[in-house]
Amino acid sequence: MARPQSSAPQNNAPQNNPGAPALLSLKDAQALALKNNPQISVARLTALASQQVTREVRSNLWPTATVDLTAVDAYPGSRITAGALNNPTVYQRAAAGATVSQLLTDFGRTTNLISSANLAAKAENQNAVATKEQVLLAVDQAFYNALQTQAVLIVAQQTVTERQTVADQVGALYKNKLRSELDFSFANVNLAQAKLLLLDAQNNQNAALASLSAVLGFSSLQTFQLAEDTAAVTPPQSNVDDLIATAFAMRPEILSLEFLAESAKKFHTAERDLFFPDIQAMGAVGDTPVRNPIISSWYGAVGVNVGIPVFNGFLYSARARAAALKAQAAQERLRDLRDQISRDVRTSWLNATTAYDRLAVTQQLLEQANLALALAQARYKLGLSSIVELSQAQLQQTQAQITNAQAGYDCRLALAVLQYQTTGF
């Protein structure tokens, strides 16, 4: 069953009539969650930040230019004679100049780092997609749960009304000595059970609305009038292996780990490239308007620097080895995720198939329970059965009504979970 495409309502929120709860459909709920849920904002901002990391690494390929303004006041004829190795002569001067450096080649290290960062950014984009789909699944779960508790609440209200009627009738017959005190007590017990069922149903309805409000991005409880999902319920695909293959190709979590695994490989290559030299070109030019007469009025120089790693305590070999091991770990995480998704798709397919098959069974159960209650009521009115038989029939009908109401929403939710596990949307 394809997930309904989210389409935002005209004003991006359900409209309220004065004194009436907002009407909320499943599509409206999905649109509100995409707009308001903070998890989606966090994932999107994280993906945008990862793109800036790629720009940071790419900056190493561009020239670096700095402008220096320097003024020195020195004791005439003074020289620096202590400290590190340096140019010891100090002259009074004021000068301005620029220094430019450009990486010529580091034998692929920077380009590999750029590729690694770019792949990591793509992985974050897929994580953002996965977060969006997880939120949409949570919306489906909360929405169908709220509809389910609403249906149970209606059953509970009807049960209280019907059992109140029976209790009143039995009470009137008891007062006229036409029914025993046992019948009157049983009728009141059944009414009390119905009232307890109503209290639990009201509590579950409020809890379901609280969960729905939270996943839609509201900090306070919102009272909605939920619109029934009228989309046709279709059986799940018969071949689960095709669904697993689709999940491997389309699930954003797998795509994210695939990008991360490729990113780890590129980073390992970049760390290995630390053993190669790096070559940089440098240039400096400037003017010295205030100077000692022995200093030229301007200066300029260009040069090339080749840095060759010789020995650093095995730092580079350790970094390369660590990167290789992390790349292997990323591949193993990807393999583990594939196993988990295969299991999840198969489990959700079994659940969806069972939930779909339960629809006909629960409908048949309700029809038989209604028939049994009608017969028990007729027999009780004719004095052919006891209140126990009527009470048992009432209880079975209530349970059948609740089971039938839950089965429809359980099936829709199971199909939504299967769709999420298969394609992520």
Report the C-alpha separation of Q340 and S342 in whole Å, then their side-chain angles, then the decisive distance to 0.1 Å, and conclude whether the side-chain hydrogen bond (donor to acceptor under 3.5 Å, both in side chains) test is met. CA-CA 5 Å; Q340 293 180 21; S342 176; over 6 Å; no
Rounded to the nearest 0.5 Å, what's the gap from [atom1] on [X] to [atom2] on [Y]? Could you check?
X: K132; Y: L137; atom1: NZ; atom2: CG; answer: 13.5 Å
X: L373; Y: Y380; atom1: CG; atom2: OH; answer: 13.5 Å
X: L255; Y: N127; atom1: CG; atom2: CG; answer: 10.5 Å
X: N305; Y: L103; atom1: CG; atom2: CG; answer: 11.0 Å
X: R163; Y: L395; atom1: CZ; atom2: CG; answer: 6.0 Å
X: T223; Y: L212; atom1: OG1; atom2: CG; answer: 11.0 Å

I'd like to know if the side chain of [X] reaches the main chain of [Y], judged simply by a donor and an acceptor atom lying under 3.5 Å from each other, with no hydrogens or angles considered.
X: R412; Y: D229; value: yes
X: N204; Y: D200; value: yes
X: S116; Y: K266; value: no
X: N112; Y: G108; value: yes
X: N370; Y: L366; value: yes
X: T362; Y: N404; value: no
X: Q397; Y: A369; value: no
X: T161; Y: Q157; value: yes
X: T354; Y: N351; value: no
X: N37; Y: V215; value: yes

What pairs with R346 under salt bridge (Lys or Arg N to Asp or Glu O under 4.0 Å), at least two apart in sequence or on another chain? D241
[atom1]/[X]: more than 12 non-hydrogen atoms of other groups inside 6.0 Å:
X: Q39; atom1: CD; answer: no
X: E367; atom1: CD; answer: yes
X: F311; atom1: CZ; answer: yes
X: Q52; atom1: CD; answer: yes
X: R179; atom1: CZ; answer: yes

Show your reasoning for whether side chain to side chain contact (heavy atoms under 4.5 Å, CB included) applies to R251 and Y420. CA-CA 9 Å; R251 280 288 294 272; Y420 166 77; 4.2 Å; yes
How close do [X] and [Y] get, heavy atom to heavy atom, and via which atoms?
X: V155; Y: Q401; value: CG1-OE1, 3.5 Å
X: A47; Y: A128; value: CB-CB, 4.4 Å
X: L221; Y: L209; value: CD1-C, 3.6 Å
X: Q102; Y: L61; value: NE2-O, 3.1 Å
X: E124; Y: S50; value: CB-OG, 3.5 Å
X: L153; Y: L198; value: CD1-CD1, 3.6 Å

Check step by step if side chain to side chain contact (heavy atoms under 4.5 Å, CB included) holds for Q134 and E253. CA-CA 11 Å; Q134 290 166 4; E253 294 91 338; 3.8 Å; yes
Check: [Y] and [X] side chains under 4.5 Å, non-hydrogen atoms:
X: L243; Y: L418; result: yes
X: T398; Y: L197; result: yes
X: Q126; Y: L257; result: no
X: T403; Y: R358; result: yes

Please assess D410 against Q148 for the test side-chain hydrogen bond (donor to acceptor under 3.5 Å, both in side chains), listing each intermediate value before the final yes or no. CA-CA 8 Å; D410 287 342; Q148 189 177 82; 2.8 Å; yes
Would you please test Q205 and T149 for side-chain hydrogen bond (donor to acceptor under 3.5 Å, both in side chains) and show each step? CA-CA 5 Å; Q205 171 74 354; T149 56; 2.6 Å; yes
Start with the C-alpha distance between Q396 and Q392, add both sets of side-chain angles, then the distance that settles side chain to side chain contact (heavy atoms under 4.5 Å, CB included), and finish with yes or no. CA-CA 6 Å; Q396 290 176 346; Q392 185 66 26; 3.4 Å; yes
The side-chain contact (heavy atoms from CB on, under 4.5 Å) partners of R109 (sequence neighbours excluded) come to D106, L113, A270, E271, D273, L274, R319
Can T165 and Q169 be counted as having a side-chain donor-acceptor contact under 3.5 angstrom? no
Parallel under 30°, tilted from 30 to 60°, perpendicular over 60°: which one fits the rings of Y174 and F184? parallel
Tell me whether E258 is salt-bridged to R338, with the criterion being a basic N under 4.0 Å from an acidic carboxylate O. yes
Run D183 and S180 through side chain to side chain contact (heavy atoms under 4.5 Å, CB included) and show every step you take. CA-CA 5 Å; D183 288 14; S180 67; 3.3 Å; yes
